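So the structure is just underneath, and the comments pick up after that.
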Amino acid sequence: MTNHSNHPFHLVDQSPWPLTGAIGAFTMMVGLIKWFHYFNIILLFLGIIILILTMIQWWRDITREGTYQGLHTKFVTKGLQWGMILFIISEVFFFISFFWAFFHSSLSPTVEIGSLWPPMGIQPFNPLQIPLLNTAILLASGVTITWSHHSLLHNNFNQTFQALFFTILLAIYFTILQAYEYIEAPFTIADSIYGSTFFMATGFHGLHVIIGTTFLIMCLMRHSLLHFSSFHHFGFEAAAWYWHFVDVVWLFLYISIYWWGS
């Protein structure tokens, strides 16, 4: 074990998880391509399993470092906070690319799609049905995650647990409704630029919701194991920041793609 006592930094020990994570991501990508071309999902599932096992063990190690070994000092935590902020900023620009494609195509529709938006033959979703319900669900989840955070700051174990549990339930409910919406969709990702931008933007948002839900479930498990205190809970705080980011992106998606774009 490396001696960490002479400086405020956290120099991590050697770990196999970045390598196994890269192998898992590569396997999943190749499996995805194989699924698209040959309708064979075995390699895709293998990549997902490798990634899940890597996440479990990598997160376990980080939990040990921050909770039991005392390596996440105030100085280290400040660096983690800036890392999370920069990560969320990179995610913002990731979604800006989809909005750029959407507005580029919708504000000046080409003759190939009938010079109309939505394009001729496309029946968009009614923004006052499932999309509005999903908006209410995500806004409610933003309230419950804030309630959970404030309860944690006041050392209220039960309310932190209850509010976080409600947030996870709302997140799962949102994902189920979005899956139902995709199943019932009257158009596909192959239906002109409208279908492409719609499913790319909302699909990647749905993926981020699933990732955020995974973060929240991990936080609920860690809270049950008494890993968090009112002054040492950056893992929870990072998950809450990420969830608020997911909420804000959905508001922009709803207003621009579902409401204005329809």
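Just so it is clear, the model here is predicted, and its values are computed rather than measured. Residue numbers count from 1 along this sequence.
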Requested in this report: Verify, without hydrogens or angle tests, whether Ser90 (side chain) and Phe87 (backbone) share a donor-acceptor contact under 3.5 angstrom.
Outcome: yes
**Report entry** Single hit among Phe157, Phe234, Tyr68 for ring-ring contact (aromatic ring centres under 6.0 Å, His included) with His227
**Finding:** Tyr68
Query raised in the report: Rounded to the nearest 0.5 Å, how far apart are OG1 of Thr77 and CD of Glu237?
Result: 9.5 Å
Report task. Can you measure from CG (Leu51) to CG (Leu46) and round to the nearest 0.5 angstrom? Result -> 10.0 Å
Requested in this report: Would you name the heavy atoms of Ser256 and Phe99 that are closest together and state the gap between them?
Outcome: OG-CE2, 3.2 Å
Query - Geometric class of the Phe245/Tyr242 ring pair [parallel <30°, tilted 30-60°, perpendicular >60°] - result: tilted
Report summary line: Looking only at heavy atoms, the pair that brings Leu138 and Val246 closest together is CD1-O, 4.4 Å
Report task. Might you point out which heavy atoms bring Ile172 and Thr213 nearest each other, and give the distance in Å? Result -> CG1-CG2, 4.3 Å
**Report entry** Derivation and outcome, side-chain contact (heavy atoms from CB on, under 4.5 Å), residues Phe161 and Asn156
**Finding:** CA-CA 9 Å; Phe161 184 92; Asn156 191 326; over 6 Å; no
**Report entry** Leu177 side chain reached by Leu133 side chain, heavy atoms, under 4.5 Å
**Finding:** yes
Going by atom type alone, with no hydrogens or angles, which donor-acceptor pairs under 3.5 Å involve a side-chain atom of residues 24-43 and a protein atom two or more places apart or on another chain?
| from | atom 1 | to | atom 2 | distance (Å) |
| --- | --- | --- | --- | --- |
| Thr27 | OG1 | Ile23 | O | 2.7 |
| Asn40 | OD1 | Ile42 | N | 3.1 |

**Report entry** Step-by-step ring pair (Phe, Tyr, Trp, His ring centres under 6.0 Å) determination, Phe236 to Trp241
**Finding:** CA-CA 9 Å; Phe236 179 93; Trp241 289 356; over 10 Å; no
Query raised in the report: Can you list the steps and then say if His208 with Val249 is a side-chain contact (heavy atoms from CB on, under 4.5 Å)?
Result: CA-CA 10 Å; His208 283 70; Val249 169; over 6 Å; no
Report summary line: Minimal heavy-atom distance between Pro131 and Glu181, with the atoms involved, is CG-OE2, 3.5 Å
Report task. Take Ile49 and Leu53 through the side-chain contact (heavy atoms from CB on, under 4.5 Å) test and state the conclusion after the steps. Result -> CA-CA 6 Å; Ile49 290 169; Leu53 291 174; 4.0 Å; yes
Query raised in the report: In terms of hydrophobic clustering (I, L, V, M, F, W, Y; side-chain heavy atoms under 4.5 Å; direct or indirect links), are Leu207 and Met218 co-clustered?
Result: yes
Query raised in the report: Looking at side-chain heavy atoms only, is the closest gap between Ile113 and Met120 below 4.5 Å?
Result: no
**Report entry** Between Ser15 and Trp58: side-chain donor-acceptor atoms closer than 3.5 Å
**Finding:** no
Query - Verify same cluster id: Ile137, Val143 (apolar side-chain graph, 4.5 Å) - result: no
Requested in this report: Please round to the nearest 0.5 Å and tell me the distance separating atom CG of Leu19 and atom CH2 of Trp17.
Outcome: 10.5 Å
Query - Polar contact flag, side-chain donor to acceptor under 3.5 angstrom, Thr167-Ser141 - result: no
Query raised in the report: Can you name the nearest heavy-atom pair linking Ala171 to Val209, along with the distance?
Result: O-CG1, 4.2 Å
Requested in this report: Verify the neighbour count for atom CH2 of Trp260: are there more than 12 heavy atoms of other residues, nucleotides or ligands below 6.0 Å?
Outcome: yes
Query raised in the report: Which pairs count as ring-ring contact (aromatic ring centres under 6.0 Å, His included) when at least one residue sits in residues 179-206, sequence neighbours excluded?
Result: Phe94-Phe204, Phe98-Phe204, Trp117-Tyr194, Phe125-Phe187, Phe125-Phe198, Phe174-His205, Tyr182-Phe199, Phe187-Tyr194, Phe187-Phe198, Phe187-Phe199, Phe198-Tyr258, His205-Trp250
Requested in this report: Check the hydrophobic clustering (I, L, V, M, F, W, Y; side-chain heavy atoms under 4.5 Å; chains of links allowed) and say if Ile211 and Met84 are grouped together.
Outcome: yes
Query - Path from Leu169 to Ile130 over hydrophobic side-chain contacts below 4.5 Å - result: yes
Query raised in the report: What distance separates Phe103 CZ from Thr197 OG1, expressed to the nearest 0.5 Å?
Result: 10.5 Å
Query raised in the report: Any side-chain donor-acceptor pair under 3.5 Å between Gln159 and Trp147?
Result: yes
Query raised in the report: Of the non-hydrogen atoms in Leu164 and Cys219, which two are nearest, and what is the gap between them?
Result: CD2-C, 3.9 Å
Query raised in the report: Are any non-hydrogen side-chain atoms of His233 and Leu153 less than 4.5 angstrom apart?
Result: yes
Report task. Nearest 0.5 Å please: distance from the CG atom of Asn134 over to the OG1 atom of Thr202. Result -> 10.5 Å
Query raised in the report: Transitively linked via ILVMFWY side-chain contacts under 4.5 Å: Phe165 with Ile210?
Result: no
Requested in this report: Check whether any side-chain N or O of Thr160 sits under 3.5 Å from a backbone N or O of Leu152 as a donor-acceptor pair, and report yes or no.
Outcome: yes
Query raised in the report: Hey, mind stepping through Thr67 and Arg222 against side-chain contact (heavy atoms from CB on, under 4.5 Å) and telling me if it holds?
Result: CA-CA 10 Å; Thr67 308; Arg222 291 191 64 194; 2.8 Å; yes
**Report entry** Separation of Leu132 CG from Asn126 CG (nearest 0.5 Å)
**Finding:** 9.0 Å
Query raised in the report: Does CD belonging to Gln81 count more than 12 external heavy atoms closer than 6.0 Å?
Result: yes
